[in-house]
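One structure below.
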Number of protein chains: 2
Amino acid sequence: MSMKIGELARLTGTQVETIRYYEREGLLPETTRTEGNFRIYGNAHAERLSFIRNCRSLDMTLDEIRVLMRFRDAPDENCEKVNKLLDSHIGHVAKRIAELMRLEDQLRELRRQCGASRLARDCGILNELSQGCSDGGGKIASKHVPGAH
Amino acid sequence: MSMKIGELARLTGTQVETIRYYEREGLLPETTRTEGNFRIYGNAHAERLSFIRNCRSLDMTLDEIRVLMRFRDAPDENCEKVNKLLDSHIGHVAKRIAELMRLEDQLRELRRQCGASRLARDCGILNELSQGCSDGGGKIASKHVPGAH
DNA sequence: CTTGACTCTATAGTCGCTATAGGGTTTTAA
DNA sequence: TTAAAACCCTATAGCGACTATAGAGTCAAG
């Protein structure tokens, strides 16, 4: 069953530009074209893209996805490394959760500095931010695993 | 007390390049220079930079920090909006935590698909990723608040 | 045939940094 | 005093995963 890029995009809940991006990044192999140079996709590409999107929905990096797909493309390979990769990724997520929870505690503590005053001059939040947060302030979380934004 | 950029960097735990970046981004006002064109900073800049770094350690965006600093620079302004901003930011963080926890659950569930087999062909993880995750798969989290990476 | 929808490539931008090239200035040690 | 090391400067590019836009071509429907 052949589809143009827009159909594939709708089928997999992906932006057209993102599909082209994945092709440029080597995640999706190039496909056949019409005489008018339109891409034509079949089931294999649709499955592959679904795999990628599922991984992305699990917050895996494109590099991690590349590793997983290497195993998917090599059915006789030992898949121990898939487990390892997933364990590592789970570890990243758990660490990020812990960091965000600490951050949330700090923010809620900071929020409590605001009393009844309505002037910026007396704002407990601004003052606290000026002097450094009392609990672990100034320590920026690991760059490898970004934060809330 | 006057400092060159390296001293300011050490004092505030910031990279020199980041200080220059903040100046370009308008977060730090430009400062005086030596004849040799070296920047010279005083206490006001050090305090301002500390404020910025404290906010960054709380994962606030530069835009959020800009808003906070507007109030810091206007002591007679009503600081209700500071509260609002912080509440909003806390909300983002809480939402991100919830998303990551759901993600962690999904990942652990996926991890359990891997039985004793050692071949990629039979890998429960890869197969599950190919067919879509059974619980809320394919839904990519909000872009505004990024995830584990 | 015309128009609207779709497709294409190339490029730039988002966010918050971080690194590097190429060059100038200051400080330190011999 | 001189040379080397440390520091400073600007400009630009890169990171990751997209996303947007310009300008142009193709296709399908009326």
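Only this structure's heavy atoms are used, side chains among them; waters, hydrogens and symmetry mates stay out. First the proteins, then the strands, lettered A, B, ... as listed; each starts at 1.
Using a 4.0 Å heavy-atom criterion, one finds that A:Q15 contacts the sugar-phosphate atoms exclusively.
Taking the charged nitrogens against the carboxylate oxygens, A:E30 and A:R39 have no contact shorter than 4.0 Å, which rules out a salt bridge. A salt bridge links A:R48 with A:D73: the closest approach of a Lys/Arg side-chain nitrogen to an acidic carboxylate oxygen falls below 4.0 angstrom. Electrostatic pairing of B:E25 and B:R66 counts as a salt bridge here, judged by a charged N lying under 4.0 Å from a carboxylate O. Under 4.0 Å is where a charged nitrogen must lie from a carboxylate oxygen, and between A:R112 and A:E109 at least one such pair does.
The side chain of A:Y22 contributes no N or O atom lying less than 4.0 Å from OP1 or OP2 of D:dA17. Put simply, B:Y21 has no side-chain N or O that comes within less than 4.0 Å of OP1 or OP2 on C:dC15.
Residues that satisfy the salt bridge (Lys or Arg N to Asp or Glu O under 4.0 Å) test with B:E77, not counting sequence neighbours, are absent from this structure.
Protein atom CD1 of B:I52 is 12 Å distant from nucleotide atom P of C:dG16, rounded to whole Å. The nearest whole Å value for the distance from the CG atom in A:L28 to the P atom in D:dA17 is 15 Å. D:dA17 atom C1' lies 16 Å from atom CG of A:L58, rounded to whole Å. The interatomic distance linking B:E25 (CD) with C:dG16 (P) rounds to 8 Å, in whole Å. The interatomic distance linking B:E35 (CD) with C:dT26 (P) rounds to 8 Å, in whole Å. At whole-Å resolution of the value, CG in A:L27 and P in D:dC18 are 9 Å apart. Rounded to a whole Å, the CG atom of B:L49 is 15 Å from the P atom of C:dG16. Between B:M60 atom CE and C:dC17 atom P there is a gap of 14 Å when expressed in whole angstrom units.
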N/O contacts under 3.5 Å, protein versus nucleotides 6-12 of chain C?
{"residue": "C:dT7", "atom": "OP1", "partner": "A:G6", "partner atom": "N", "Å": "2.7"}
{"residue": "C:dC8", "atom": "OP1", "partner": "A:R39", "partner atom": "N", "Å": "2.7"}
{"residue": "C:dC8", "atom": "OP1", "partner": "A:R39", "partner atom": "NH1", "Å": "3.1"}
{"residue": "C:dC8", "atom": "OP2", "partner": "A:R20", "partner atom": "NE", "Å": "3.3"}
{"residue": "C:dC8", "atom": "OP2", "partner": "A:R20", "partner atom": "NH2", "Å": "3.0"}
{"residue": "C:dC8", "atom": "O5'", "partner": "A:R39", "partner atom": "NH1", "Å": "3.3"}
{"residue": "C:dC8", "atom": "O3'", "partner": "A:R33", "partner atom": "NH1", "Å": "3.3"}
{"residue": "C:dT9", "atom": "OP1", "partner": "A:R33", "partner atom": "NH1", "Å": "3.2"}
{"residue": "C:dT9", "atom": "OP1", "partner": "A:R33", "partner atom": "NH2", "Å": "2.9"}
{"residue": "C:dT9", "atom": "OP2", "partner": "A:R39", "partner atom": "NH1", "Å": "3.0"}
{"residue": "C:dT9", "atom": "OP2", "partner": "A:R39", "partner atom": "NH2", "Å": "2.8"}

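The side chain of A:L62 sits closest to D:dC18 out of C:dC17, D:dC18, C:dT18.
The hydrophobic clustering, which links ILVMFWY residues whose side-chain heavy atoms are closer than 4.5 Å, places B:I40 and B:L28 apart.
Under a cutoff of 6.0 Å and an axis angle of 45°, B:R72 and B:F51 form a cation-pi pair.
Between A:T18 and A:T34, the residue anchored nearer the 5' end of DNA chain D, judged by the nucleotide with its closest heavy atom, is A:T18.
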